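The structure under discussion appears below in the form of structure tokens.
Here the structure is a predicted model, which means the values were calculated and not measured. Labels below follow one simple rule: chain letters A, B, ... track the order of the sequence lines, proteins then strands, and each chain is numbered from 1.
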2 protein chains.
Amino acid sequence: MSQPNATVLPAATVSRLPGYLRVLHEAEDSGVEVISSVALATRAGVHPALLRRDLSQLGSYGTRGVGYDVDTLIREIGRVVGDRLTWPVVIVGVGHLGQALAHHEVLRERGFELAGLVDSSPELIGSTVAGVPIRPPDELAAVVARGRAVIGVITTPAGQAQGVADALVDAGIRRILNFAAQPLEVPATVTVRGVDLTGEMQVLVYHEIHEG
Amino acid sequence: MSQPNATVLPAATVSRLPGYLRVLHEAEDSGVEVISSVALATRAGVHPALLRRDLSQLGSYGTRGVGYDVDTLIREIGRVVGDRLTWPVVIVGVGHLGQALAHHEVLRERGFELAGLVDSSPELIGSTVAGVPIRPPDELAAVVARGRAVIGVITTPAGQAQGVADALVDAGIRRILNFAAQPLEVPATVTVRGVDLTGEMQVLVYHEIHEG
DNA sequence: GCGTGTGAACAGATTCACAGCT
DNA sequence: AGCTGTGAATCTGTTCACACGC
């Protein structure tokens, strides 16, 4: 009995779905039609029981004694994370990291489209990166509107991050990926995912110090 | 009673320590000498009770009725995550993302030093990025040894990630930051942190689809 | 027989609420 | 009076182990 999604999915489950989808796309490309929880979980780096529980949250798409139909699962997980649709993205802060993301091929392959670039530095404004012109901060709302952007990426120095977040929210953006270490304050309707590169490195250092 | 660290810290605590340290450095710079759990927690984006529990794991460095001494806390957290020491890093995969990390000023400021660059593309080998020459994959072990690298960063396409991880481990690296979506198989003595940019974006899309 | 789906047990992380120190 | 440190309660997430359907 499939239960489309009356319920909200647990955050931990949501964070693993992209990984499952990636493995499924690989399987599809190699012509695999059915995959077991053990095979899929192993390749996605999770415990098989956890995978089964995650998938059962989406509905009952497996066949007992057989496994999961790869196409069905791609369709159902894809529906949940918006695969096969196009998601316009604005990047604010066109330093090295912002430029790298602007060029990042993998994002394009998964449906993310560079809808606009914003930076405050006069040397950058007017030039283009990945074929997209860099606009000044006071045009942020216009850039978001013109590109119909749905996701904002913050790759500015930490000190500017909160101001940029405020401006993005004012411009109607409700999903933000933040690369500044600064935690952002936003209204409850806005989702922020933070990636703290320095923090990740320091966690590695913790392990280096405390393990052989 | 301080209990240096007989026990291993919970993973969740470790992942928050860099954030606390950042706020503390800011406070230090503005001349603040004592800070309460509420002030520190708010700025770090966590619940005050959680902050207090995290800090109490390191030992008892606060004063009841007063708060935490900023310098003491910087010293103690810094000891745990290796602040004020230099950590040489090798980056494998000098595409846009690898180059961005090579130039990333914030990492340098926190003690991470670019010890080597490796890439398989003949056009890149021999050229330099951020003042460091790019070497071919078969010189990886030599690059690690010469630079005394302790951390390996993988910014290659997904298909090469596992091979690079194997080579890094063979070269003696035991801490890896992996930007490829591919989950890595490594010996139990090796720590891997994964950053999946596409996955993060897809999680944002999930929210976009399922919330107003 | 095989592999999914899931109740129940377990583990980990967070928050509450207050005792205890300054 | 104020704020830390922490037992107890709660919430979230993971694994076990097996009933159930193919």
Side-chain angles (χ1 to χ4, degrees), chain A residues 1-20 23-24 27 32-73 76-77 183 203 206, chain B residues 1-20 23-24 27 32-73 76-77 183 203 206:
Chain A
M1 297 303 109
S2 77
Q3 176 188 312
N5 52 330
T7 330
V8 154
L9 297 173
T13 296
V14 172
S15 72
R16 284 184 295 263
L17 294 179
Y20 302 156
V23 173
L24 287 165
V32 175
E33 290 181 0
V34 172
I35 193 166
S36 72
S37 65
V38 173
L40 177 43
T42 305
R43 297 222 258 152
V46 304
H47 192 289
L50 184 52
L51 170 82
R52 293 202 299 275
R53 188 168 295 277
D54 283 339
L55 295 185
S56 75
Q57 315 259 16
L58 310 187
S60 184
Y61 297 118
T63 308
R64 290 169 197 234
V66 178
Y68 298 90
D69 179 74
V70 171
D71 285 346
T72 307
L73 217 43
E76 293 306 326
I77 299 180
V203 170
Y206 167 83
Chain B
M1 297 297 113
S2 77
Q3 176 187 312
N5 52 330
T7 329
V8 156
L9 297 173
T13 296
V14 172
S15 72
R16 283 185 296 264
L17 294 179
Y20 301 155
V23 173
L24 287 164
V32 176
E33 290 180 0
V34 172
I35 193 166
S36 73
S37 66
V38 173
L40 177 44
T42 305
R43 297 224 258 152
V46 304
H47 193 289
L50 183 53
L51 170 82
R52 293 202 298 276
R53 188 168 296 279
D54 282 340
L55 295 186
S56 75
Q57 314 261 12
L58 311 185
S60 185
Y61 298 117
T63 309
R64 290 168 197 235
V66 178
Y68 298 90
D69 179 73
V70 171
D71 286 346
T72 307
L73 217 43
E76 294 305 327
I77 298 180
V203 170
Y206 167 84

- Message: Using the side-chain contact (heavy atoms from CB on, under 4.5 Å) definition, which of the options B/V14, B/T13, B/L17, B/V8 pairs with B/Q57?
- Response: B/T13

- Residues in side-chain contact (heavy atoms from CB on, under 4.5 Å) contact with A/T72, at least two apart in sequence or another chain: A/Y61, A/D69, A/R75, A/E76

Starting at [atom1] of [X] and ending at [atom2] of [N], how long is that distance when rounded to a whole Å?
X     : N      : atom1 : atom2 : result
A/D54 : D/dT15 : CG    : P     : 10 Å
B/L73 : D/dT4  : CG    : P     : 11 Å
A/Y68 : D/dG21 : OH    : P     : 16 Å
A/R52 : D/dA17 : CZ    : P     : 13 Å
B/L50 : C/dA17 : CG    : C1'   : 16 Å
A/L17 : D/dG13 : CG    : C1'   : 15 Å
A/Y61 : D/dC22 : OH    : P     : 17 Å
A/L9  : D/dT12 : CG    : P     : 14 Å

- Task: Kindly indicate whether the side chain of A/L73, heavy atoms from C-beta on, has any atom under 4.5 Å from the side chain of A/L40.
- Result: yes

- Using a 4.5 Å cut-off on heavy atoms from C-beta on, say whether the side chain of B/Y20 contacts that of B/L55. yes

From the options [options], select the nucleotide whose nearest atom is closest to the side chain of [X].
X     : options               : result
B/R64 : D/dT14, C/dT14, D/dG5 : D/dG5
B/A12 : D/dG5, D/dC16, C/dA13 : C/dA13
A/S56 : D/dG13, D/dT6, C/dG5  : C/dG5
A/R53 : C/dT4, D/dT14, C/dA13 : D/dT14
B/S60 : C/dT14, D/dA17, D/dG5 : D/dG5

- Query: Is the phosphate of C/dT4, meaning OP1 or OP2, less than 4.0 Å from a side-chain N or O of A/S37?
  - Reply: yes

- Query: Quick one: on DNA chain D, does B/I35 or A/H47 contact a more 5' nucleotide (nearest heavy atom)?
  - Reply: B/I35

- Message: Need to verify one output field. Residue with the more 5' nearest nucleotide on DNA chain D, B/S36 or A/P10?
- Response: B/S36

- Message: For a quick test of reading the model, state the closest non-hydrogen atom pair linking A/A27 to A/I35 and the distance between them.
- Response: CB-CD1, 4.5 Å

